[in-house]
Trainee: 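Would you mind keeping the following structure in view while I ask a few things?
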Amino acid sequence: MSNILVFGHQNPDTDAIASSYAFAYLANHAYGLEAKAVALGEPNEETRFALDYFAVKAPPFVESAKSQGADTVILTDHNEFQQSISDISEVTIYGVVDHHRVANFETANPLFMRVEPVGSASSIVYRMFKENNLQVPKDIAGMLLSGLISDTLLLKSPTTHVTDHQVAKELAELADVNLEEYGMALLKAGTNLASKTEEDLIDIDAKTFELNGNAVRVAQVNTVDIAEVLERQDAIEAAIKSAIAKEGYSDFVLMITDIVNSNSEILAIGANMDKVEAAFKFTLENNHAFLAGAVSRKKQVVPQLTESFGA
């Protein structure tokens, strides 16, 4: 089978880029496919740091599969259609490798599907290399390690699975880096927010979730100083309101995550703020509130919102 596109979700983070880049190599060398890694957006600064460090060329940005002459795709790090390529409903999904909930997803034909509750899609892809006795090149090991570090905040997030620690150790050895030193350098590369516009900031790492008929946009930015981000609150809120009007979101929830102290401030605007407050058992003041110990959108924000919006 030829011309299969492999990609992560829209607004790709490091795990989305890394897992698709690595899986395309795996598909070509272990499964006899002709696969090509692409991206549904440009790499962010954190991802760019990893790409530059391991001398990897960023996968090309594409907006649709058909425009690339492809009618078959493989998804990594996502499965929900609203997070995927624009013409996802018009192509054949050959396979999925993901570590998120399965929602808003159906196919006309059977497919290969690997979904596990681990810290990153990169963790799964690495173990698939081992299962196929395929040597992991240094650059791929480095990218997979970067995806795991990014999604687990250097193995400190509650999304970290017990197996991720050994995966990280092995990948660090293969990539020839010190896990802690490289990990902190990677995470800090993603906290440079001063050069970003407010529109960029709320779109760095953002996903849309369909919650009981509501299109809820949940974005996350990492920082070492929450207060510094909140100094831009008026401009951030203006950008959020513009996005809501343009894209039709019912609500917009922004996680401002302190990667040093492992806490977040939640800034929220929309039609269902009572449900947002109920989800986290806090009261928004001036549209924001502190959420102690929260660093994971997947485990500490989206499930709570899903339950609250479904009530």
Trainee: Let me see the working for I74 and L5 under side-chain contact (heavy atoms from CB on, under 4.5 Å), right down to the final yes or no.
Mentor: CA-CA 6 Å; I74 295 172; L5 298 185; over 6 Å; no
Trainee: Under 4.0 Å between a side-chain nitrogen and a carboxylate oxygen: does that hold for D203 and R217?
Mentor: yes
Trainee: Are M273 and I244 connected into the same hydrophobic cluster when the rule is that any two of I, L, V, M, F, W, Y join if their side-chain heavy atoms are below 4.5 Å apart?
Mentor: no
Trainee: Closest approach of L267 and N287, non-hydrogen atoms and distance?
Mentor: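 That closest heavy-atom pairing would be CD1-O, 3.2 Å.
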Trainee: Using only atom types and a distance under 3.5 Å, with no angle test, would you say the side chain of S20 pairs donor to acceptor with the backbone of A16?
Mentor: yes
Trainee: Could you tell me if S150 and E46 have a donor-acceptor pair between their side chains, going purely by distance under 3.5 Å?
Mentor: yes
Trainee: Looking at every heavy atom in both A172 and L179, which two are closest together, and how far apart are they?
Mentor: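 Distance-wise, the nearest heavy atoms are CB-CB, 4.2 Å.
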Trainee: Is the closest basic N to carboxylate O distance between K188 and E45 below 4.0 Å?
Mentor: no
Trainee: So how far is it from F81 CZ to N104 CG, rounded to the nearest 0.5 Å?
Mentor: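 Spacing of CZ (F81) from CG (N104) equals 9.0 Å.
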Trainee: Will you find, in the side chains of E170 and Q166, an N or O donor that is under 3.5 Å from an N or O acceptor?
Mentor: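 Result is yes, a qualifying pair exists.
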Trainee: Report the distance from atom CG of L148 to atom NE2 of H165, rounding to the nearest 0.5 Å.
Mentor: 9.0 Å
Trainee: Check for a donor-acceptor pair, side chain of N178 on one end and backbone N or O of E181 on the other, with a separation under 3.5 Å.
Mentor: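 It does hold such a pair.
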Trainee: So V136 and K130, side-chain contact (heavy atoms from CB on, under 4.5 Å) or not? Walk me through it.
Mentor: CA-CA 8 Å; V136 185; K130 295 181 71 175; 5.8 Å; no
Trainee: Using a distance-only test with no angle check, is there a side-chain donor-acceptor pair under 3.5 angstrom linking Y21 and D139?
Mentor: yes
Trainee: What are the two closest heavy atoms between A30 and L134, and how far apart are they?
Mentor: CB-CD2, 4.3 Å
Trainee: Would a single hydrophobic cluster contain both I149 and V167, if residues Ile, Leu, Val, Met, Phe, Trp and Tyr are joined by side-chain heavy-atom contacts under 4.5 Å?
Mentor: yes
Trainee: Do NZ/NE/NH1/NH2 and the carboxylate oxygens of E80 and K207 come within less than 4.0 Å?
Mentor: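 Salt bridge flag = no for K207 with E80.
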Trainee: Hey, does the side chain of S123 reach the backbone of G119 with a donor-acceptor pair shorter than 3.5 angstrom?
Mentor: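 It does not hold such a pair.
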Trainee: Quick one: does I93's side chain get under 4.5 Å of I88's, heavy atoms only?
Mentor: yes
Trainee: In the single-linkage hydrophobic clustering (I, L, V, M, F, W, Y; side-chain heavy atoms under 4.5 Å), do I140 and I4 co-cluster?
Mentor: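 Yes; I4 is reachable from I140 via cluster members.
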Trainee: Side chains of S19 and S122 only: does a donor on one sit below 3.5 Å from an acceptor on the other?
Mentor: no
Trainee: Between K298 and D151, is the closest basic N to carboxylate O distance under 4.0 Å?
Mentor: no
Trainee: Is there a donor-acceptor contact under 3.5 Å linking the side chains of Y182 and S146?
Mentor: yes
Trainee: Under a 3.5 Å distance rule, please check whether N263 uses its side chain to pair with a backbone N or O of G293 as donor and acceptor.
Mentor: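 Yes, because the side chain of N263 sits within donor-acceptor range (under 3.5 Å) of the backbone of G293.
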Trainee: Below 4.5 Å, heavy atoms only, C-beta onward: do I259 and T223 meet side chain to side chain?
Mentor: no
Trainee: Looking only at atom types and distance, does a side-chain atom of D87 sit under 3.5 Å from a main-chain N or O of K66, one as donor and one as acceptor?
Mentor: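 Pair found, side chain donor or acceptor close to backbone of K66.
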Trainee: Measure from the side-chain N and O atoms of Q220 to the backbone N and O of V295, and report whether any donor-acceptor pair falls under 3.5 Å.
Mentor: yes
Trainee: Could you grab the distance from atom OH of Y53 to atom CE of M143, nearest 0.5 Å is fine?
Mentor: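 One finds 13.0 Å between OH of Y53 and CE of M143.
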Trainee: Could you please spell out the steps behind the side-chain contact (heavy atoms from CB on, under 4.5 Å) verdict for V6 and V73?
Mentor: CA-CA 6 Å; V6 186; V73 300; over 6 Å; no
Trainee: What pair of heavy atoms forms the shortest contact from E265 to I226, and how long is it?
Mentor: CB-CG2, 3.7 Å
Trainee: Short question: side chain of D251, backbone of N272 - any donor-acceptor pair under 3.5 Å?
Mentor: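 Yes; judged by distance alone, with no hydrogens or angles, the pair exists.
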Trainee: Indicate whether the side chain of E63 and that of S86 have a donor and an acceptor atom separated by less than 3.5 Å.
Mentor: no
Trainee: Examine the side chains of T191 and N222 and answer whether a donor and an acceptor come within less than 3.5 Å of each other.
Mentor: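 No.
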Trainee: Do you reckon F7 sits in the same ILVMFWY cluster as Y25, going by side-chain contacts under 4.5 Å, direct or chained?
Mentor: no
Trainee: Contact between L230 and I256 at the side-chain level, heavy atoms closer than 4.5 Å - yes or no?
Mentor: yes
Trainee: I'd like to know if the side chain of S157 and the backbone of T159 have a donor-acceptor N/O pair within less than 3.5 Å.
Mentor: yes
Trainee: Shortest non-hydrogen contact from P59 to I17?
Mentor: CD-CG2, 4.0 Å
Trainee: Taking the side chain as C-beta and beyond, is there a heavy-atom pair between L201 and L254 under 4.5 Å?
Mentor: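 Yes - at least one pair of side-chain heavy atoms lies under 4.5 Å apart.
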Trainee: Are any of the side-chain heavy atoms of M184 and L154 separated by less than 4.5 Å?
Mentor: yes
Trainee: Let me confirm one number: the OH-OG1 distance from Y94 to T107, rounded to the nearest 0.5 Å.
Mentor: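 Y94 atom OH to T107 atom OG1 measures 13.5 Å (nearest 0.5 Å).
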Trainee: Going only through I, L, V, M, F, W and Y residues with side-chain contacts under 4.5 Å, is there a path from F49 to L144?
Mentor: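 Same cluster.
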Trainee: Where do V301 and M255 land on the side-chain contact (heavy atoms from CB on, under 4.5 Å) test, with the steps shown first?
Mentor: CA-CA 9 Å; V301 171; M255 289 182 72; 3.4 Å; yes
Trainee: To the nearest 0.5 Å, what is the distance between OG1 (T208) and CZ (F252)?
Mentor: 8.5 Å
Trainee: Classify the ring geometry of F280 against F282: parallel below 30°, tilted from 30° to 60°, perpendicular beyond 60°.
Mentor: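 Answer is tilted, since the angle falls between 30° and 60°.
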Trainee: More than 12 heavy atoms of other residues, nucleotides or ligands under 6.0 Å from CZ of F290: is that the case?
Mentor: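 Correct, the count exceeds 12.
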Trainee: Given side chain to side chain donor-acceptor pair (under 3.5 Å), test Q233 with E237 step by step and report yes or no.
Mentor: CA-CA 6 Å; Q233 182 177 347; E237 288 190 4; 2.7 Å; yes
Trainee: Taking the side chain as C-beta and beyond, is there a heavy-atom pair between M128 and V97 under 4.5 Å?
Mentor: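 Yes - at least one pair of side-chain heavy atoms lies under 4.5 Å apart.
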Trainee: On a heavy-atom basis, which atom in L145 and which in A168 lie closest, and how many Å separate them?
Mentor: CD1-O, 3.7 Å
Trainee: Taking NZ, NE, NH1 and NH2 as the nitrogens, is one of them in K275 or E277 under 4.0 Å from a carboxylate oxygen of the other?
Mentor: no
Trainee: Where the side chain of T306 meets the backbone of V302, is there a donor-acceptor pair that is under 3.5 Å apart?
Mentor: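 Yes; judged by distance alone, with no hydrogens or angles, the pair exists.
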Trainee: Can you check whether I266's main-chain N or O pairs, donor with acceptor, with S264's side chain at less than 3.5 Å?
Mentor: no
Trainee: Any chance you could measure D200, atom CG, to N44, atom CG, to the nearest 0.5 Å?
Mentor: 11.0 Å
Trainee: Return the orientation label for the H9 and H78 ring planes: parallel under 30°, perpendicular over 60°, tilted otherwise.
Mentor: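 Geometry flag for H78 against H9: perpendicular rings.
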Trainee: Show your reasoning for whether ring-ring contact (aromatic ring centres under 6.0 Å, His included) applies to F309 and F209.
Mentor: CA-CA 11 Å; F309 272 75; F209 298 88; over 10 Å; no
Trainee: Counting only heavy atoms not in E285 (residues, nucleotides, ligands), do more than 12 fall under 6.0 Å from its CD?
Mentor: no
Trainee: Would you say the side-chain atoms of D77 and H99 include a donor-acceptor pair closer than 3.5 Å?
Mentor: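 Note: D77 and H99 side chains meet the donor-acceptor criterion.
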